[in-house]
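Chain naming here is simple, since letters A, B, ... match the order of the sequence lines and numbering starts at 1 in each. Just so you know, these numbers use all the heavy atoms, side chains as well, and skip hydrogens, waters and symmetry mates.
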Protein chains: 4
Amino acid sequence: MADTNSLRSSQPRRRSREEKARETYRSLLEAAAQVVGSDGYADASISKITQLAGVAQGTFYNYFESRQDVLNRLLPYMGRQMLDHIASAMPRGLTGPAREEARLRAFFAYLDTHPSFYRILYEAEVFAPEAHAEHIRVLVKGYKGALNRAVARGEIGGFDEDELEAVTYMLLASRAYIAMRYARNGDGHAGPVPDHVIQAYMKVLGRGLFSQA
Amino acid sequence: MADTNSLRSSQPRRRSREEKARETYRSLLEAAAQVVGSDGYADASISKITQLAGVAQGTFYNYFESRQDVLNRLLPYMGRQMLDHIASAMPRGLTGPAREEARLRAFFAYLDTHPSFYRILYEAEVFAPEAHAEHIRVLVKGYKGALNRAVARGEIGGFDEDELEAVTYMLLASRAYIAMRYARNGDGHAGPVPDHVIQAYMKVLGRGLFSQA
Amino acid sequence: MADTNSLRSSQPRRRSREEKARETYRSLLEAAAQVVGSDGYADASISKITQLAGVAQGTFYNYFESRQDVLNRLLPYMGRQMLDHIASAMPRGLTGPAREEARLRAFFAYLDTHPSFYRILYEAEVFAPEAHAEHIRVLVKGYKGALNRAVARGEIGGFDEDELEAVTYMLLASRAYIAMRYARNGDGHAGPVPDHVIQAYMKVLGRGLFSQA
Amino acid sequence: MADTNSLRSSQPRRRSREEKARETYRSLLEAAAQVVGSDGYADASISKITQLAGVAQGTFYNYFESRQDVLNRLLPYMGRQMLDHIASAMPRGLTGPAREEARLRAFFAYLDTHPSFYRILYEAEVFAPEAHAEHIRVLVKGYKGALNRAVARGEIGGFDEDELEAVTYMLLASRAYIAMRYARNGDGHAGPVPDHVIQAYMKVLGRGLFSQA
DNA sequence: AATGAATGAGTGTTCATTCAT
DNA sequence: TATGAATGAACACTCATTCAT
């Protein structure tokens, strides 16, 4: 249905169209992220998004099935970005509590440079619950893997598999609440997390988790 | 603002004016709580609330300035109820980790018997941010007091004031995420939190907090 | 819920409100009929209707559940009007073909004075099929009754019950097509039906129906 | 405009240009007929039509001026098909009422085997009024010719030219309403028309038309 | 001739809020 | 104070049509 010209010559043209489409998709998604970041999911109207993306309202529906569709895609998109960021920011060779601390700092650093992420993540449980659940699932899986490797290394002991999952939730929870309290103000964000907070976190973890009791 | 119990029985006839108004206010607030609990803040329309309260739509604006106004009052109202419930459920004389565990269990028990509270609390950060912040502030204050008393009793050591606040946030966070993961399913709630989760929580706390390291 | 004042004095006020509401309902319905009559169901927008009725768009939804709702009510409303008109226009004491002719002329007379009715009726099969089916059912029932009485009077013979129903449909059909051809032009209507058309109709009927063969 | 059959086989290679275009035109028209038949004119979108025809949306406008344009062409296209079908299905040599009955049965038979035609025909008065008027004009002309021949044969008498036209409308009307009532259900069609209905039709006609009174 | 992304006017519908009664 | 009809701004979404490629 699309192969009338059997020559290569049609490819560069095609490419250009496809690429343009991809760009439009990208700019709509980025615009949505920005709008949700500043106004929240509830006030993220199609009109705001398309205006920010510089396209007509109707164009939106060439790329997304509905408003909810784009909201659902936001967290996966940003979440992957965040994980990539953290992965690339993690120093090699760290183990034990030091590794945990690096992970925490990388997370806060990402938050600091991507102020819209907090709101996208937080409100997702309300406005894009499936995406949120999936995001948490991914995070938990990665985290549990890390904890299990620490167990294998003998850094952690005395927790069975199920308990380790519960601990994972506690760690993720602590991250989120610390971010809420110390890395935000009314506008969106308020600079880096104070050191004493990270120290407290590490103290509880160092004693509570990284010890054979 | 909501404590009229002492007057009710003494003036069975004359309560018409003020008393009736208070009743209407109360029933509107309760209706709002119920609606938000089951439909969420976003879908809590004035029409639903007034219908459930059994008054006309216009009546609503004799008691609240706006829709946002009633949403703002919801969490303080329910939060106080929850704190009272927990306070009265706490066994006397417990100290140390045992006291902490009792508090945790009381919280989960309240959640289990008041399924609408979870949603009111959780969505509040999105839809009634100031009320949510205030609620957290109240919780933190109470919690920090408890931790300080534990410090005074010599049960906890090695954390300065600021660090203790950070720890408080970690504890509240853990509560919330554990509730999210273990005390809910699609409908609203899914029975009590499994014991091994509470054990994991207590393990981390017992080692991480209640120890002189 | 509505009986706070137990006195009559509240009734006149009530009445006034209720009456006003009824008026608004009426004017919306009439506006809808007019708009559909001139623009057709497809182009009958809420905005046109409310503008013509002189109320805000939102007001529409205090009286009708949806656009389709008002479209559904149009034919029953006009259909009853038409039947009332015909009933009151029918001379007393006529029987046989003369009675049939009077009925036909009354129908065309109604059409002539209510030009929107033709379109409302005709397009209803497409846009309000249930209302149309019900309308036809009512018409057929009335018509069959009339034919059966003619049979009882011995004016008609040689048709069994089922055949009589089929004949009813032929009569209604003829009415409609004659109206389409002879009582309309582009605008909406084009004056009365020529006499020779009615004569042709009566000839076919007189010989075909009102005879013992 | 649609008769290219004679050329097809002679130029198997060269048909690329013009022939291909005709094929596309044809497939768009057929697609439109199918879509309108199942979804109705109102829901026949260009997107549905082009999708069914297997071409891009833009291609549509190389063959039709507008959406309305294709809708206008539908009934003439299908109507001719129907007339051809009926003409070829008519037994030779029939005259009088028998001929009329055969025509009626052929019409119902066509409807039964072409369920989409009913909708295309019926809704045309609403959505393609000019095409509908033209279609009726063609039908009437053919029918009047048939009746005139019957008059010439002495089978029909007592109607002048104008009256005969009115009768024609009555016959077409009866066809349509009988089809509406007896040859359709919710889905689209419901099998053949019962015999007693055709008998009733023939009785009225036999007495009312084919008699010298 | 064929494509399909872009357009934007237009639609039905919702709902917090107002206000005359 | 209670009522509930009226309001109108706002929204998500559709689709015929255009046009650069």
With Phe64(C), which residues qualify under ring-ring contact (aromatic ring centres under 6.0 Å, His included), at least two apart?
Tyr25(C), Phe60(C)
Show me, pair by pair, the donor-acceptor contacts under 3.5 angstrom made by side chains of residues 50-58 of chain A, not counting sequence neighbours?
residue  : atom : partner  : partner atom : Å
Thr50(A) : OG1  : Ile46(A) : O            : 2.9
Thr50(A) : OG1  : Ser47(A) : O            : 3.2

Within residues 123-131 of chain C, the residues having a heavy atom closer than 4.0 Å to DNA chain F are none
Nearest whole angstrom, please: distance from the C1' of dT14(F) to the CD of Gln57(D).
11 Å
Measuring from atom CD of Glu123(A) to atom CG of Leu71(A), what distance do you get when rounded to the nearest 0.5 angstrom?
10.0 Å
Taking only residues two or more places apart in sequence or in another chain, which ones pass side-chain hydrogen bond (donor to acceptor under 3.5 Å, both in side chains) with Arg67(D)?
none
From CZ of Arg22(A) over to P of dA5(E), roughly how many Å is that when rounded to an integer?
12 Å
Defining pairs by Watson-Crick or G-U wobble geometry with both distances under 3.5 Å, how would you list the stems of DNA chain E with at least three pairs each?
E:2-21 with F:2-21
Show every donor-acceptor pair shorter than 3.5 Å between a side-chain atom in residues 124-131 of chain C and any protein atom, with sequence neighbours excluded, or say none if there are none.
residue   : atom : partner   : partner atom : Å
Glu125(C) : OE1  : Tyr122(D) : OH           : 2.6
Glu125(C) : OE2  : Arg184(D) : NH1          : 3.0

Nearest-Å distance for atom pair NZ/P, residues Lys20(D) and dA2(E)
8 Å
Report, one line per pair, each donor and acceptor closer than 3.5 Å where one atom sits in a side chain of residues 27-37 of chain D; sequence neighbours left out.
residue  : atom : partner  : partner atom : Å
Ser27(D) : OG   : Glu23(D) : O            : 3.4
Ser27(D) : OG   : Thr24(D) : O            : 2.9
Glu30(D) : OE2  : Tyr77(D) : OH           : 2.7

Got a sec? Which of residues 60-67 of chain C come in under 4.0 Å of DNA chain E, heavy atoms?
Tyr61(C), Ser66(C), Arg67(C)
Leu28(A) has an atom CG; how far is it from atom P of dA5(E), in whole Å?
13 Å
I need the residues from residues 41-53 of chain A with at least one non-hydrogen atom less than 4.0 Å from DNA chain F; give them sorted by number, or say none.
Ala44(A), Ser45(A), Ile46(A)
Within residues 52-66 of chain A or reaching into it, pairs that qualify as salt bridge (charged side-chain N to carboxylate O under 4.0 Å, His left out) - sequence neighbours excluded
none
Please evaluate residues Met78(C) and Leu121(C) with respect to the criterion side-chain contact (heavy atoms from CB on, under 4.5 Å), reporting the C-alpha separation (whole Å), side-chain torsions for both, the decisive distance (0.1 Å), and the verdict.
CA-CA 9 Å; Met78(C) 298 289 286; Leu121(C) 170 59; over 6 Å; no
Mapping Thr59(D) and Thr59(A) to their closest nucleotides on DNA chain E, which lands nearer the 5' end?
Thr59(D)
ring-ring contact (aromatic ring centres under 6.0 Å, His included) partners for Tyr61(A), two or more places apart
none
Can you list every pair that meets salt bridge (charged side-chain N to carboxylate O under 4.0 Å, His left out) and has a residue in residues 33-43 of chain A, with sequence neighbours left out?
Asp39(A)-Lys48(A)
What's the spacing between Glu134(C) CD and Asn72(C) CG if we round to 0.5 Å?
12.0 Å
Reading DNA chain F from 5' onward, which residue's closest nucleotide shows up sooner: Thr24(B) or Gly58(C)?
Thr24(B)
Report the nucleotide, chosen from dT3(E), dT7(E), dA2(F), that has the shortest atom-to-atom distance to any side-chain atom of Ala56(D).
dT3(E)
